[in-house]
Amino acid sequence: MWLNRLWRKKRLRRTGITEINIWRLQALFNNFRRILFLNNAVLEEMTHLERTLGGEFIFDNSFLEASVRTLASRVHHVTYNLNALTGNSYIPLYDSYQRIRTILDDILSGNTRALAAVPVLPLYQVSWELEQLVGVDLVCLAELQHHPGIQAARGFVVTSEGSRTLFRQMISPGAAGKDFTADDVRAGMAEQFRQLLDNRRARRFSVVVTGIDEQVDLVTEIARFFLIPDREKNRIEIVADPPPFEKLPFRVLDRQDPDMDERDRWIDQYVHSLEQIVHFLLSSDPEEEVVDVAERIVIFVRCSPVPAITGSVETRRGGRSITDSLTIIARTPELVDLPDTYRLRRTYPFDILQSILPPRPAGYRFADGRLATSHTVTQSGHGCERGSALLSGKILKSLAETSMTLERVLGMPVTIEWDILEDGSCYITRLYQMQAALDQVAASELAEVEASAAILCQGGQMVQSGVGAGRVVHVSDEMSPAEFPAGAVAVARFASPQLTPVLQRAAAVITEYGTATGHLATVARELRLPALFGVAKACSLLPSGIEVTVHAGESKVYAGVLDILLRKGTGELSFSPFDQEYRTLRRLLRFIMPLSLIDPEAANFSPEGCRTFHDIIHFCHEKAVDELAHFQERRPGLGAIRTSRMQLGVPMDIRVLDIGGGLAADCQANPLPADIRSDPFAAFLEGLLQPGAWADNQPSLGFRDIVSSMPRSMGMLTGPVDALGDNLAIVGNEYVNISLRLGYHFSVVDAHLGSDDSRNYVYFRFAGGLADPERRGRRARFIRDVLKAMDFKVSVKGDLVIGRIKSDQPRILRAALSALGALTAFSRQRDTSLYSDEDADILFRLFAEMFLVQFQHVVSDIYGEWESQAEFSSAATAG
Amino acid sequence: MNKLDIAVKRLRILVLDDEPIVCKRLKPTFEKMGHIVETFIDSSSALKRLRETVFDLVITDLKMEGADGMQVLLGAKESSARTQVIVITGFATLETASESLRKGAIDFIAKPFKISDIVACVKRLEKQYCCSQVPEVVPS
């Protein structure tokens, strides 16, 4: 034995290779395995935390604190392990971790200072984590951008910290905010005014000032103003709306830089006007120096052209009505005291129940110039002529649908204000929590209604609590969102990520298959859309066209629209933004869950680019894999790492690095596929080695193809020579990470397939190719179509395609990995033959017929038959 | 022929938790089931109420300022032997679970918990009450 050791040492000394210290190698692999384990634990904890947003669980602040503590500890350990693996190459990651941890601690303690970094921002950038700084009303308005239908008016927000900083500096010139100065606030306002002015020098703006009472977390409107440019006098008039009895003490900005551009002078005046408003409202005594610390005001500035029609929608009114309805009021500037009143059903299809139209004066014309008595009226489509009504049936239904969306998002009945401009465009301008006291539904009355209602189906998993009602529409991946009637109840077989746009239009969603932890479940919770997944035979029990009420909290679907349940459902029975714990959880999740670091090649894929805990663990995972993949060239002093070149029998080399349980203990120096013990890698190889995947008749490359790919290829070619052309599979018993450099394309497969179904996933990334950009783009689309046919969540950017799938069915993930193996071989140099989009479609059909059939069989075996082969084959092409 | 209706036992329930969200979410749930619910966020008020009225069920948090859940559990049992108690807590350990059950709690639930789980618990109690009583015949 000792002779062998001596002989081996002499041989290694002669060749100059130092055999790596086994303990150091073991320690490195342990770090890598620990990163994998901790990442999975973090993902699981994040999923559980996010799931509680749906209202299925009762929890308190202690739970939130404990969860954040556990998550933070694990993320910190992941950061430590990465640095241990890489020789402390990512120390700045600790700073990112600490920054996020501080924000989370601040959120838990109710401290908003950490979020107050931006004092002025456009409305579309307002999100839930800023709710304490801007008010829940503006958050809901901003949410409209995620829904089709009527949008919020363009505008910007000065946060409560921004207005406070301005005021402080006015009364105490040396004072400054923690993260920004008053000048920063002014600059922010000026920039936003510049954006809203477009190419104009001046325009009318509306300013709404709301106050946030920190003690009770309530938003109330304090005042409204218009900023009206007077071009003759070259100044801005601040007009209160409605006009107060006393004259407002606003001073005109009388000194401006004469060299200033005219547009900038107007902007300067606008900014000055806002400052005056802040000062006026925050100081009852101009000499007073103490700022009332409980006073927090928020300023919402929006474009405000004079509307042709203005009005409101109340999704509920106080008192009791026989039929549950919403009320729309519309008026014109000339006939302010003679509004139209309409009552509509609160559920799709939002039928018009009643309209009360005052008589118009003789010769009255609408904003578009048509006479009220003109024969060119717009039909509502329900047998009602528009006549002299200010609003058409179409706009009435849009207003109804948008206001019901806002009610669902807020979790409370709402009142919204809207404007219709002369060009017919409509915008939501304000939102309020319902003011009138609702008639309380007695619990016994509700129980009676539920007991007598027919239950069409029940069971499954509650994904998001709440009550929604409307007509059932069956949906599938092929349905375009525009085809889905807004406000209907979506019923689908599978909870596919492709249904996301449909959910934005739905009143509720039910699926036969799907889990509370998948992507679509997250979307439903984000939208606060009542959702039930895993309801057996939902498609057959809920035929298209029938009206239903979905009570997600009780996992029941009732026949018909139960008005009383709807009334109760948006109040006490659901977990809503009016619960402080809900808002806290949502804020926490904003800094825990979203993944913004997706592309490892992007410039922001760095420790400094990490915005959330998810970013950190994803970064660590990618860098850990990268470290193992490039171990040899980065650690020449450590010597050779033991990889084994596989015997595959195809024109492709793959080296294997076993981190524990990936290979048979007694395998040869060059393992065979039969020696693979890694479940996910075995599945991938099964597909890779299918004979049909290795076509011989590849078209030759043209000069243009080579030249156009050179910038990218050259970049990739500057890496260490030893790393080129080496495909590396890092394998464990339940894990695989495969980096492939096949020809001129680069792909990564990362998968976990173990006994814990909730942790299993497949991740796939592809980029590159050696054809011109159009053909590379077609190949990217082809790959996208293949992934979508297997229900991956896919994103495409140029020729970069990224797909992910999570499933609690290991067989499906195995089948997906096998398909990816086949795809890897099949798609080599295919971009060079994709001369047209039709070629890409043909290629997809060919691949589907050859290699996706097996996937289809597995899905059918688990879930029953697909409705047709054609449906399966065209599933992704239409998307 | 008269239809035989068995009257469902309407429980009088006391919910005690220093976190208002727990009371806020449990109250409408139990009221919808037909029960009478009183909620408290401080244990001294709850103990005082227990001395005034007999409750069928007390649902109490464990860790609170002042009298803790164990004291409330004992107080509930002192007020009436038939009062049942469910303990809920975010600091669930084997010791606290054992102690609660030893002192007479019928269930021990760790936070966060599913509403459906506690509803199932209350429904079991309803059945117990129904089975232990002679059903009232209510002509329809």
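Any value given below was found using the heavy atoms of this structure, including those in side chains, with hydrogens, waters and symmetry copies removed. Reminder, nothing fancy here: chain letters follow the sequence lines and each chain counts from 1.
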Quiz item: Is chain B contacted by the side chain of Glu581(A), its backbone, both, or neither, given a heavy-atom distance below 4.5 Å?
Solution: side chain
Quiz item: For the atom pair NZ (Lys32(B)) and CD (Glu450(A)), what is the distance rounded to the nearest 0.5 Å?
Solution: 3.0 Å
Quiz item: Quick one: CE on Met462(A) to CD1 on Ile115(B), what's the gap to the nearest 0.5 Å?
Solution: 7.0 Å
Self-check item: Spatial distance of atom CD1 (Ile21(B)) from atom OH (Tyr582(A)) [nearest 0.5 Å]
Solution: 12.0 Å
Exercise. Using a cut-off of 6.0 Å, state whether more than 12 heavy atoms not belonging to Glu65(B) lie near its atom CD.
Key: no
Practice problem: Give the minimum heavy-atom separation between Lys111(B) and Asp60(A), together with the two atoms involved. | Solution: NZ-OD2, 2.6 Å
Quiz item: Side chains of Ser116(B) and Glu554(A): does their closest heavy-atom pair fall under 4.5 Å?
Solution: no
Quiz item: Which distance, rounded to the nearest 0.5 Å, do you find between the CG of Asp117(B) and the CZ of Phe57(A)?
Solution: 8.0 Å
Practice problem: Without swapping roles, check the side chain of Arg25(B) against the backbone of Gly55(A) for a donor-acceptor pair under 3.5 Å. | Solution: yes
Practice problem: Report the distance from atom OG1 of Thr29(B) to atom CD1 of Ile58(A), rounding to the nearest 0.5 Å. | Solution: 6.0 Å
Exercise. To the nearest 0.5 Å, tell me how far Lys63(B) NZ sits from Ser62(A) OG.
Key: 10.5 Å
